Amino acid sequence: MTKAAELAKMGEVLTNSQIGGRRNIIINGAMEVAQRGTSASSKTASDYYTCDRWRTEASGATFNTSQQSNTASDMATTGAKHFLRMEVTTGNNNSGISQKIEANNIRQFKGEKLTLSFYAKGTNPNGGSFDVVRFIGNDSTTGTHEKSSLTVTSSFVKYTYTFDYPDEGSVTMTDANAKMALSFLQPAGDTSTNAWTLDITSVQLEVGEQATPFEHRSFGEELSLCQRYCVQIVNTHSAGTGHIILAGMSRGSTNKNFTLPLPVTMRNTTPSVTLTGDVRLLNPEAHDYVNATDTLTCGGVTPTLVYSGNMLVLLYTGSVTGVTDTGNADYNFQIVSASDHLFIIDSEL
Amino acid sequence: MNFTSVKYALGRLSSDENAPLENASIIAVIDGKTWHIPLDPANRHYQVIQEWVAEGNTIQEAE
């Protein structure tokens, strides 16, 4: 082959292999990030429990879910250190796992072919198969559900599916909650209660008709992508050694604002917030404070949550019982130290 | 999601201290955790609460 022919061939390979640029539309496909925890047992409700961005769908089933570490052999096979395990103890149709891809990250591929690849093993629902389902939807409308069949074995195998960008139907892809959902489910027509397990990792969805090698991203980069949907702040200091302090001030006579800087700009402007452990609202000038446990409600006042840019503002509008009202003064809000105290801001689809 | 308590919380949606208090958020205990949930149809917890209400349940008024 001449040099010119070699170069031409190389160009063709590069084009057809799609190896350039950011390819994987899935976030946390290697199941590395698990901010909420690494296991959850005997669950009956759909929610996000372990690996970030991966939602478990209960649909009447009872299940355990966990982030698992691969053996050296399986790590060599899958290229991933971890996998997500969905262990259904009592099955039902449409139970499984899914990732909801926000419209901003998928709508530009309308009309394109998409290729999904992943490694999976486990046991099949009712001895049959799983459905690999994708659809476009928002809060009230969905396009056409399209699906493929998946039959797993007891060893990790790479599976690849190429399909058209799903039918949007009447969904407006600029709606706040428009999305494409990609799910691995017990089939809709299978209502058996038999147990099954799905172990899955290295999930990649990319534009084109070829499954390219899994795109590895650094842990920090993957975490940052996950934090667009969920930020967890953990006070890792042991009791009494270091509170996390949010600066604040009063405006007027009773209003108090506290600012929590977030690591990234989150998906929507109205996330939900939960916390575990003690918090404290304090007037340093008056040397008085009030504590609360597992809630932001302090001294009878529940803050309004105002999200702006990558800042979450806790706005306490009113006199907080136990804390002196001082006009135009500094206040602070503390996440009291203890290893299990955490603060979760949730903006998932 | 399993709810054990769903209640409105009062607040002022502006920094005007003289503005009337109104339902500004929902405090819900979901699977044992207390969530502060904005009244926004784009919020996933709010959506689930609306489904729960549609099933005949009622959000408690703020105290």
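Quick note on labels: first sequence line is chain A, next is B, and so on, each numbered from 1. What you are looking at is a predicted structure, and each value in this text was computed from that prediction instead of being measured.
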### Query
Using a cut-off of under 4.5 Å for heavy-atom pairs, which of A:S253, A:G300, A:S46, A:A58 has the most such pairs with chain B?
A:S253

### Task
Mind checking the OG-NZ spacing from A:S319 to A:K256? Nearest 0.5 Å is all I need.
5.5 Å

### Message
Closer than 4.0 angstrom, basic N to acidic O: yes or no for A:E348 and A:R53?
### Response
yes

### Task
Give a yes or no on whether a salt bridge exists between A:R228 and A:D52, defined as a side-chain N under 4.0 angstrom from a carboxylate O.
no

### Task
Inspect the contact between B:R44 and A:D346 and indicate whether a charged nitrogen and a carboxylate oxygen are less than 4.0 angstrom apart.
yes

### Task
Flag yes if more than 12 heavy atoms outside B:E22 fall under 6.0 Å of its CD atom; otherwise flag no.
yes

### Task
Identify which part of B:A42 has an atom lying under 4.5 Å from any heavy atom of chain A, answering side chain, backbone, both or neither.
both

#### Entry: B:I30 versus chain A, the contacting section by heavy-atom distance below 4.5 Å
neither

### Query
Checking B:L21 against chain A: side chain, backbone, both or neither under 4.5 Å from a heavy atom?
side chain

### Task
Kindly say whether A:C230 contributes a backbone atom to a donor-acceptor pair with the side chain of A:Q35 at under 3.5 angstrom?
yes

### chain B contact via A:T297 - which portion, at a heavy-atom distance below 4.5 Å
both

### Query
Do you know which of A:L275, A:T304, A:T302, A:T270 has the most heavy-atom pairs with chain B at a distance under 4.5 angstrom?
A:T270

### Summary
If one checks every heavy atom of A:L305 against chain B at 4.5 Å, the contacting part turns out to be side chain

### Task
Count the heavy-atom pairs under 4.5 Å between each of A:L296, A:I344, A:L349, A:N268 and chain B, then report the option with the highest count.
A:L296

### Task
Name the region of B:S25, side chain, backbone, both or neither, that has any atom closer than 4.5 Å to a heavy atom of chain A.
side chain

#### Entry: Flag, side chain of A:N93 to backbone of A:A188, donor-acceptor distance under 3.5 Å
yes

